[in-house]
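Have a look at the structure below before the remarks.
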Amino acid sequence: MMLKSEIFSLKSLLFLGIFAMASHSVVLAEVRQDDREALVALYNSTNGDEWTKTWDLNQPVSEWYGVTVVNDKVVEINLFRNNLQGVLPESIGKLSDLVQLNLAFNGISGEIPKTMVQLNELKVLRLEMNRIKGELPLDMGKMTKLEELTVFNNFISGSIPVSIGDITNLKVLNISSNNLKGAIPTSLGNLAKLEVLGLFENTLDGSIPSELGNLIKLKELVLANNELGGEIPMEFGQLASLQILQIQNNRFNSFKNLEMMNSNEFLVFDYDKRDLNTKFKTVDFNNTRMADTKFEDENE
């Protein structure tokens, strides 16, 4: 017959065991199940076992490389240059608290999931230097909190979505070096906070919208290597903050309105003709931010 003290000890051990198991479950369930499943789907669809820095799926999500958890919410994923190979899963749209997503400099292929536009809290989306194809989601304008959108050096086709003009918090928009075609949407003139606009090395055509003259905070405008035509809008004279302007290798028939621009603060100015009376500084464009954008994270 067991003594009362022995029975008490057994009950204590049983309680401690149950408590330990419960505590372990709480640790593993530190984020929503939808968030965890979306992260696991990303891992599986981009060959996570071969990542440069991989995840131990048995560990808490907060310990996974590049994942930031705040108040039990996944708010950042930074897998820059981490050898992701494969496609982005549709379930990525379930990460509803995500503020930053940096998947740049990898081998991601396939298309941008349409569910990406469900990331309503996202402020930074970086997908540059991958192998992404297909078109940009037409309703990207739903991502109204975006401040930085960079998808340069991919194989994205189609036209620039008009709805991007609804993302009025954008400060950086770089969709250069893709296969984009068609006209530059006039709606981009709504991006009053925009400081960097990179559209170079596509097959964009038509005239430059005069509405771009509304972008009074714009510092860098690079439209080179497209099929743009017509004349330079006289509204470019309103771009008082502009420091870098590249429009060479297009099909413009007049550059006269460039004479209306204030050249005193320009660092870089490249266009096809050299017969204007301009006094721009001579600066090596290779040292400027837009030209060097492919390598700006070299030390991250």
Side-chain angles (χ1 to χ4, degrees), residues 45-46 80-81 84-90 92 101-117 124-143 146 148-167 170 172-189 191 194 196-209 211-212 220-230 244-252 270-272 285 289-297:
S45 64
T46 56
F80 171 85
R81 194 184 275 126
L84 277 68
Q85 305 285 336
V87 302
L88 297 178
E90 291 288 332
I92 200 165
L101 178 60
N102 184 352
L103 304 178
F105 285 70
N106 284 291
I108 297 171
S109 55
E111 300 185 9
I112 297 175
K114 291 182 173 57
T115 57
M116 186 79 77
V117 302
V124 176
L125 176 57
R126 298 189 54 190
L127 299 173
E128 67 264 26
M129 298 296 290
N130 280 287
R131 300 169 186 169
I132 298 170
K133 61 181 182 179
E135 300 184 4
L136 295 172
L138 292 178
D139 51 354
M140 287 200 76
K142 291 181 179 179
M143 306 172 74
L146 268 184
E148 181 174 346
L149 172 59
T150 55
V151 291
F152 60 84
N153 277 82
N154 280 284
F155 300 98
I156 296 172
S157 57
S159 57
I160 300 173
V162 173
S163 68
I164 288 182
D166 295 331
I167 313 176
L170 268 181
V172 176
L173 174 60
N174 192 343
I175 48 181
S176 302
S177 298
N178 281 288
N179 299 317
L180 293 165
K181 62 182 181 180
I184 299 173
T186 59
S187 62
L188 297 191
L191 305 178
L194 201 64
V196 175
L197 177 58
L199 304 177
F200 68 92
E201 288 183 0
N202 285 288
T203 55
L204 300 172
D205 56 27
S207 300
I208 299 176
E211 287 82 359
L212 294 191
E220 303 179 24
L221 175 59
V222 183
L223 305 176
N225 301 346
N226 281 287
E227 298 177 6
L228 299 168
I244 296 172
L245 174 62
Q246 284 210 309
I247 56 174
Q248 74 273 24
N249 298 327
N250 279 287
R251 299 177 178 178
F252 300 117
D270 280 326
Y271 74 114
D272 294 318
F285 188 65
R289 181 179 181 276
M290 180 67 81
D292 200 40
T293 190
K294 295 180 182 178
F295 310 102
E296 64 185 358
D297 291 308

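Owing to the predicted nature of the structure, the values given are computational and were not obtained by experimental measurement.
Taking 4.5 Å as the limit, some side-chain heavy atom of Leu88 sits within range of a side-chain heavy atom of Ile108. Residues Ile164 and Leu170 are in side-chain contact: their nearest non-hydrogen atoms beyond the backbone lie under 4.5 Å apart. With a 4.5 Å cut-off on side-chain heavy atoms, Phe200 and Asn249 do not count as touching. Using a 4.5 Å heavy-atom cutoff, the side chains of Leu103 and Thr46 are not in contact. Counting heavy atoms from C-beta outward, Asn226 and Asp205 have side chains that stay 4.5 Å or more apart. Here the side chains of Ile175 and Ile156 are not in contact, with every heavy-atom distance at 4.5 Å or above. Side chains of Arg131 and Gln85 form a contact here, defined as non-hydrogen atoms less than 4.5 Å apart.
Taking every heavy atom of both residues into account, Leu228 and Asn250 meet most closely at N-OD1, 3.0 Å.
Panel note: side chain Ser176, backbone Phe152; no donor-acceptor pair is recorded below 3.5 Å. Without hydrogens or angle criteria, Thr203 side chain to Leu180 main chain gives a donor-acceptor distance under 3.5 Å. At distances below 3.5 Å, at least one donor-acceptor pair connects side-chain atoms of Asn102 with backbone N or O atoms of Ala104.
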Give the intermediate values and the outcome of side chain to side chain contact (heavy atoms under 4.5 Å, CB included) for residues Ile92 and Leu101. CA-CA 10 Å; Ile92 200 165; Leu101 178 60; 3.9 Å; yes

Before you tell me yes or no, could you show the steps for Asn153 and Glu128 under side chain to side chain contact (heavy atoms under 4.5 Å, CB included), namely the whole-Å CA-CA distance, both residues' side-chain angles and the distance that decides it to 0.1 Å? CA-CA 6 Å; Asn153 277 82; Glu128 67 264 26; 5.6 Å; no

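Glu111 CD to Asn154 CG: the interatomic distance, rounded to the nearest 0.5 Å, is 12.0 Å.
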